[in-house]
*Asks:* 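To start, I am sharing the structure in question, which I have written as structure tokens.
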Amino acid sequence: MGDEYEAIGEGGARRLGVAELGAELGERATLVQFSSAFCAPCRATRRILGEVAGLVPGVTHVEIDAEARLRLVRALDIDRTPTVLVLDADGRIVRRAAGQPRKADVIVALGQAVRAGVSES
């Protein structure tokens with residue numbers, strides 16, 4: 001990403017589910033993208049995350065309109081778009097980054113999230 005993915009420590013890992021996301025979690029991981037209407041990098045981010053989710057079985061991409069979901073944005077301390085959260089299979093936020101991602105960075109962060117979910121099972 002424009003910024004590196006930041007690891008979220010065990011104590012700070014918050015879980016998100018269907019109620020917060022408005023969509024089902026991926027079987028292995030979920031890429032959550034916070035976007036806004038006039039955000040040019042959000043369109044490129046949508047394409048990249050969609051491609052990665054399509055390449056990796058069990059991974060879902062969920063896009064959330066930050067302006068329509070202000071309560072969630074504030075609760076998660078999202079301060080710019082795009083912001084991407086990587087959730088493990090249980091919905092725990094294990095990585096986050098702001099800015100337009102590079103595909104390689106998304107794949108690495110996703111791999112770490114999948115491994116985190118496997119090691120805790």
Side-chain angles (χ1 to χ4, degrees):
M1 293 207 135
D3 300 305
E4 292 296 315
Y5 275 89
E6 170 191 350
I8 306 298
E10 287 293 317
R14 176 175 176 176
R15 285 182 199 242
L16 299 177
V18 175
E20 294 85 6
L21 300 177
E24 294 290 330
L25 292 170
E27 183 180 311
R28 296 176 68 200
T30 305
L31 300 169
V32 180
Q33 173 185 348
F34 286 86
S35 298
S36 53
F38 298 104
C39 165
C42 293
R43 289 187 288 279
T45 299
R46 177 184 311 117
R47 182 182 49 77
I48 291 166
L49 297 182
E51 286 176 10
V52 172
L55 289 172
V56 183
V59 174
T60 301
H61 170 223
V62 176
E63 187 171 4
I64 295 175
D65 180 347
E67 295 168 39
R69 304 288 305 278
L70 284 176
R71 180 176 287 165
L72 182 59
V73 165
R74 290 180 181 130
L76 296 172
D77 199 26
I78 306 290
D79 58 8
R80 67 186 263 207
T81 58
T83 290
V84 178
L85 305 178
V86 181
L87 312 182
D88 68 10
D90 295 323
R92 270 189 303 272
I93 302 170
V94 294
R95 297 265 186 249
R96 75 181 282 151
Q100 183 178 329
R102 293 183 320 175
K103 191 173 184 177
D105 292 337
V106 175
I107 292 168
V108 169
L110 187 56
Q112 293 167 341
V114 170
R115 280 195 304 278
V118 169
S119 67
E120 292 176 12
S121 296

*Asks:* Mind checking what makes salt bridge (Lys or Arg N to Asp or Glu O under 4.0 Å) contact with E63, not counting sequence neighbours?
*Replies:*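 Here the qualifying residues are R46.
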*Asks:* What's the shortest heavy-atom distance between T81 and S36, and which atoms?
*Replies:*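 In terms of heavy atoms, the two residues are closest at OG1-OG, 2.8 Å.
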*Asks:* Specify the closest pair of heavy atoms between R14 and A75, including all atoms of both residues, with the distance to one decimal.
*Replies:*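 Distance-wise, the nearest heavy atoms are NH1-CB, 3.5 Å.
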*Asks:* How long is the span from the CG atom in L72 to the CG atom in D65, to the nearest 0.5 Å?
*Replies:*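 Spacing of CG (L72) from CG (D65) equals 11.5 Å.
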*Asks:* Dump the intermediate steps for side chain to side chain contact (heavy atoms under 4.5 Å, CB included) on L76 and I93, then the final yes or no.
*Replies:* CA-CA 10 Å; L76 296 172; I93 302 170; 3.8 Å; yes
*Asks:* What heavy-atom pair brings P82 and Q100 nearest, and what distance separates the two atoms?
*Replies:*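 Looking at all heavy atoms of both residues, the closest pair is CG-N, 4.0 Å.
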*Asks:* For D79, give me all partners under side-chain contact (heavy atoms from CB on, under 4.5 Å), at least two apart in sequence or on another chain.
*Replies:*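 By the side-chain contact (heavy atoms from CB on, under 4.5 Å) rule, D79 matches no residue at all.
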*Asks:* Going by the side-chain contact (heavy atoms from CB on, under 4.5 Å) test, name the single residue among V106, V52, L49 that passes it with H61.
*Replies:*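 Of the listed residues V106, V52, L49, the side-chain contact (heavy atoms from CB on, under 4.5 Å) partner of H61 is L49.
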*Asks:* Pairs in or reaching into residues 41-114: which pass disulfide bond (SG atoms under 2.5 Å apart), with residues at least two apart or in two chains?
*Replies:*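 Qualifying pairs: C39-C42.
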*Asks:* Give every donor-acceptor pair under 3.5 Å between a side-chain atom in residues 19-32 and any protein atom, sequence neighbours left out.
*Replies:*
unit_1	atom_1	unit_2	atom_2	d
E20	OE1	G17	N	2.7
R28	NH1	P57	O	3.3
T30	OG1	G26	N	2.8

*Asks:* Applying disulfide bond (SG atoms under 2.5 Å apart), which residue pairs with at least one partner in residues 48-86 are found, sequence neighbours left out?
*Replies:*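 Listed by first then second residue: nothing to list.
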*Asks:* How long is the straight-line distance from OG of S35 back to CD1 of I64, given to the nearest 0.5 Å?
*Replies:*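 It comes to 9.0 Å.
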*Asks:* Could you state the interatomic distance from CG (D105) to CG (L110), rounded to the nearest 0.5 Å?
*Replies:*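 Atom-to-atom, D105:CG and L110:CG are 12.0 Å apart.
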*Asks:* Given side chain to side chain contact (heavy atoms under 4.5 Å, CB included), test D90 with R15 step by step and report yes or no.
*Replies:* CA-CA 7 Å; D90 295 323; R15 285 182 199 242; 3.3 Å; yes
*Asks:* From F38 CZ over to E67 CD, what is the distance, rounded to the nearest 0.5 angstrom?
*Replies:*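 Nearest 0.5 Å value for the CZ-CD distance: 7.5 Å.
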*Asks:* With sequence neighbours left out, what residues match R47 under salt bridge (Lys or Arg N to Asp or Glu O under 4.0 Å)?
*Replies:*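 Applying salt bridge (Lys or Arg N to Asp or Glu O under 4.0 Å) to R47 gives E51.
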*Asks:* Side-chain heavy atoms under 4.5 angstrom apart, residues restricted to Ile, Leu, Val, Met, Phe, Trp, Tyr: same cluster for I48 and L55?
*Replies:*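 The answer is yes; both residues are in one hydrophobic cluster.
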*Asks:* Determine the minimum heavy-atom distance between P101 and T45, stating which atoms define it.
*Replies:*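 The pair with the smallest heavy-atom distance is CD-OG1, 3.0 Å.
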*Asks:* Please test L16 against L85 for side chain to side chain contact (heavy atoms under 4.5 Å, CB included), starting from the C-alpha separation and ending with a verdict.
*Replies:* CA-CA 10 Å; L16 299 177; L85 305 178; 4.1 Å; yes
*Asks:* Please list, chain by chain and in numerical order, all residues satisfying side-chain contact (heavy atoms from CB on, under 4.5 Å) with L70, sequence neighbours excluded.
*Replies:*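 Result, side-chain contact (heavy atoms from CB on, under 4.5 Å) vs L70: R74.
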*Asks:* Quick check: closest heavy atoms across A113 and D88, and the distance to 0.1 Å?
*Replies:*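 Closest pair (atom of A113, atom of D88, distance): O-CB, 3.8 Å.
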